[in-house]
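First comes the structure, then the notes that go with it.
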Amino acid sequence: MAKIQAIRGMNDILPEQTPVWQFVEATVRQVLRQYGYQEIRMPIVEQTDLFKRSIGEVTDIVEKEMYTFEDRNGDSLTLRPEGTAGCVRAAEEHGLLFNQTRRLWYTGPMFRHERPQKGRYRQFHQIGVECFGMSGPDIDAELLILTARLWQALELSGHTRLEINSIGTSESRKTYRSALVDYLSQYKSDLDADSQRRLETNPLRILDSKDAGTRKILENAPSLDDYLDEESRSHFERLRELLDAAGIEYTVNPALVRGLDYYGKTVFEWITDSLGAQGTVCAGGRYDGLVEQLGGKPTFAVGFAMGIERLILLLETLDLIPEHVNSNADVYVTAMGDASVAPALALAEQLRNELPDYVVVTHCGGGSFKSQMKKADKSGARYAVILGENEVAGGTAGLKPLRSDEPQKEVPQAELAQALADVLSN
RNA sequence: GUGGACGUAGCUCAGCUGGUAGAGCUCAGGAUUGUGACUCCUGCGGUCGAGGGUUCGAACCCCUUCGUCCACCCCA
């Protein structure tokens, strides 16, 4: 019988990996807390229409990447392919957006039926940040300053670069789009095959083409910049001033277009060159029209999402996972012989009471002294506490350093916690 | 959805022109009746991804299929 295994592109996160995830999540949480962002938790499943109406009917995500299925009562439901739509739905549904400003964040799995590759999976995890009710470029700048602080906290500054652009309001973008299509249509047969297809589906994406012939044609193409409305233009200029003032480095990439329909004005991406083809580690932008589009009052909004898998992949590639993240024991308590099992369990409890910040692992499962010592070593603990018949009889414990050549000491059990506190703290 | 590479022990891999499987690491035990890391010895561990075909004989050749990885598309 065939073995049942995980769904393609949906990965188990194993015990060796979870400490890294917790480290990244905790670091992000801490930075967001500093800026006063509030966490929101949404369901993983939403009505299919929510995504169709927000992401855009003709995007790849909606057309061919969604996990959509029928509920038992016939409703069409979809596993969320991204977080913004559900966040807007939840915030709107509970009156979080009316006449107020909000700074929200969330994390969790997202689902897209794509072919997996490095840094891209069918179930992947994002940390999303969304801000509502603020119209100016100052909040755009805050988001970028916040992410820059996060890169610093993760020691990723210098391995990520920021690209920004303004794609204008949907009206100005529409005008530009038709100008671009008009221009490119003259050369349609000279465009590469992908770009010919994009002419129908997503013409702005052609700006990004790597094909030499297409690039040549693009040289004389109309520029998005010339079609920007005045408000978008000044918004973008002000954003650049704010970033300059904050010392955030960036490049303006006129070809930077986001794939989701709801974006307008500011768009940005943090990119790394260390991950191969999937180098975008964080991306977002402004989406002032979305709340209204989903049935709410017009509400200014801007946000971004980070891919946790990509962040972790990057940290691992650059060998930036701090040492302490992977250690899963500080003290390992051995128990030699049946008679010392109960005292060992009791002694470990005593240590946990007095040293709540340290990880105390008790040896279970018996075995020779030698094998217990091996396990102590393997655990990564800095100290072994040795409890055998002699120690139990004398009310002491052996305190053995495992990471240095210092000699083992016999310590009265009552003084063991203090002795460990002294040696573990330096 | 398209293309390429690859599936042999828990992990990393070797296995020549077809002759029915090996190493290192890990794990368990021992050398050392209560002391890990280094060393040495012993042991556990494989329907060679699956199914079919060719052959006296297939891990190796052929077909099919499943899976993984990387890239394209697209995206975090």
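Reminder, nothing fancy here: chain letters follow the sequence lines and each chain counts from 1.
At a threshold of 4.0 angstrom between heavy atoms, the contacts of A/Ala376 with the nucleic acid are absent. Within 4.0 Å (heavy atoms only), A/Arg198 reaches sugar-phosphate atoms of the nucleic acid but no base atom. Within the nucleic acid shown, A/Gln278 comes within 4.0 Å of at least one base atom, counting heavy atoms only. Residue A/Lys118 is classed as a sugar-phosphate contact, given heavy-atom separations below 4.0 Å to backbone atoms only. Nucleic acid contact for A/Ser371: sugar-phosphate only, since backbone atoms but no base atoms lie under 4.0 Å from a heavy atom of the residue. Residue contacts for A/Lys64: at a heavy-atom cut-off of 4.0 Å it reaches no nucleic acid atom on any strand shown. At the heavy-atom level, A/Asn390 lies under 4.0 Å from base atoms of the strands shown. Using a 4.0 Å heavy-atom criterion, one finds that A/Arg205 contacts the sugar-phosphate atoms exclusively. Counting any heavy atom pair closer than 4.0 Å across all strands shown, A/Arg197 reaches sugar-phosphate atoms only and no base atom. The residue A/Tyr121 sits close to a base: some heavy atom pair falls under 4.0 Å. As judged by a 4.0 angstrom heavy-atom cut-off over every strand, A/Ile308 is placed among residues making no nucleic acid contact. Among the protein residues, A/Gly284 comes within range of no part of the nucleic acid, since none of its heavy atoms lies under 4.0 Å from any strand. Residue A/Gln408 is classed as a base contact, given a heavy-atom separation below 4.0 Å to a base. No contact: A/Glu82 has no heavy atom under 4.0 Å from any strand.
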Item checked: From CA spacing to verdict: salt bridge (Lys or Arg N to Asp or Glu O under 4.0 Å), A/Arg161, A/Asp273 -> CA-CA 9 Å; A/Arg161 61 171 199 277; A/Asp273 296 319; 2.7 Å; yes
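Note on A/Gln117: a side-chain N or O is less than 4.0 Å away from OP1 or OP2 of B/A71. Taking side-chain N and O atoms only, A/Lys378 has a distance below 4.0 Å to OP1 or OP2 of B/C27.
Distance A/Lys374 NZ to B/U35 C1': 12 Å, rounded to the nearest Å. Here B/U35 presents its C1' atom at 13 Å from NE2 of A/His363, a figure rounded to the nearest Å. When rounded to the nearest whole Å, the span between OH of A/Tyr106 and C1' of B/A76 equals 10 Å. In this structure, the OH atom of A/Tyr263 is 17 Å from the P atom of B/C74, given to the nearest Å. A straight line from CE of A/Met336 to C1' of B/G36 spans 14 Å, rounded to a whole angstrom. Distance, A/Lys375 NZ to B/U26 P: 14 Å, rounded to whole Å. The CD atom of A/Glu114 sits 12 Å away from the C1' atom of B/G1 (whole-angstrom rounding). Regarding A/Phe369, its CZ atom lies at a distance of 15 Å from the P atom of B/G29, rounded to whole Å.
Atom P of B/C38 sits at a distance of 10 Å from the matching atom of B/C25, rounded to the whole Å. Spacing of C1' atoms, B/U20 relative to B/C48, comes out at 11 Å, to the nearest Å. The separation of B/G15 from B/G7, taken at their C1' atoms, amounts to 15 Å, rounded to a whole angstrom. B/U26 sits 38 Å from B/C62 when the P atoms are compared, rounded to a whole Å. For the C1' atoms, the distance linking B/C13 with B/U54 amounts to 30 Å, nearest Å. Going from the C1' atom of B/C60 to that of B/C16 covers 11 Å, rounded to whole Å. B/A37 and B/G30 have their P atoms separated by 13 Å, given to the nearest Å. Between B/A21 and B/G46, the distance separating the two P atoms is 14 Å to the nearest Å.
The partner of B/U33, taking Watson-Crick or G-U wobble pairs whose two distances both stay under 3.5 Å, does not exist in any strand shown. In this entry B/C27 has B/G43 as its Watson-Crick or G-U wobble partner, both defining distances falling under 3.5 Å. Pair assignment for B/C48: none, as no Watson-Crick or G-U wobble contacts are both less than 3.5 Å. Pair assignment for B/G19: B/C56, on the basis of Watson-Crick or G-U wobble contacts that are both within less than 3.5 Å. Pair assignment for B/C6 gives B/G67, based on Watson-Crick or G-U wobble hydrogen-bonding distances that are each under 3.5 Å.
Between the side chain of A/Arg115 and the base of B/U2 there is at least one donor-acceptor pair of N/O atoms closer than 3.5 Å. Counting distance only, with no hydrogens placed and no angle test, the side-chain atoms of A/Arg120 and the base atoms of B/C74 include a donor-acceptor pair under 3.5 Å. Applying the 3.5 Å distance criterion, the base of B/G34 shares a donor-acceptor pair with the side chain of A/Glu391.
The residues A/Lys374 and A/Asp377 are annotated as not salt-bridged, no charged nitrogen and carboxylate oxygen being separated by less than 4.0 angstrom. A salt bridge links A/Lys188 with A/Glu200; the closest basic N to acidic carboxylate O contact falls under 4.0 Å.
Within the 3.5 Å criterion, the main-chain N or O of A/Leu191 finds a donor-acceptor partner in the side chain of A/Gln196. When atom types are taken as modelled, the side chain of A/Thr175 and the backbone of A/Glu171 share a donor-acceptor pair closer than 3.5 angstrom. Between the A/Arg122 side chain and the A/Glu114 main chain, a donor and an acceptor come within less than 3.5 Å of each other.
Mapping A/Arg403 and A/Pro116 onto RNA chain B via the closest heavy atom, the residue that lands nearer the 5' end is A/Arg403. Comparing A/Gly307 and A/Asn11 against RNA chain B, the residue whose closest nucleotide sits nearer the 5' end is A/Asn11.
Pairing each heavy atom of A/Leu387 with each of A/Thr396, the nearest pair is CD1-O, 3.5 Å.
Side-chain contact of A/Arg352 with A/Thr362: a donor-acceptor pair under 3.5 Å is present, judged by distance alone.
When the nucleotides B/U35, B/C75, B/G67 are ranked by their closest atom to the side chain of A/Arg8, B/G67 comes out on top. Of the candidate nucleotides B/A28, B/A76, B/C73, B/A76 has the atom nearest to the side chain of A/Arg310. When distances are taken from the side chain of A/Gln5 to each of B/G36, B/C72, B/G67, the shortest belongs to B/G67.
Expressed to the nearest 0.5 Å, how far CE of A/Met110 lies from CD1 of A/Ile308 amounts to 8.5 Å.
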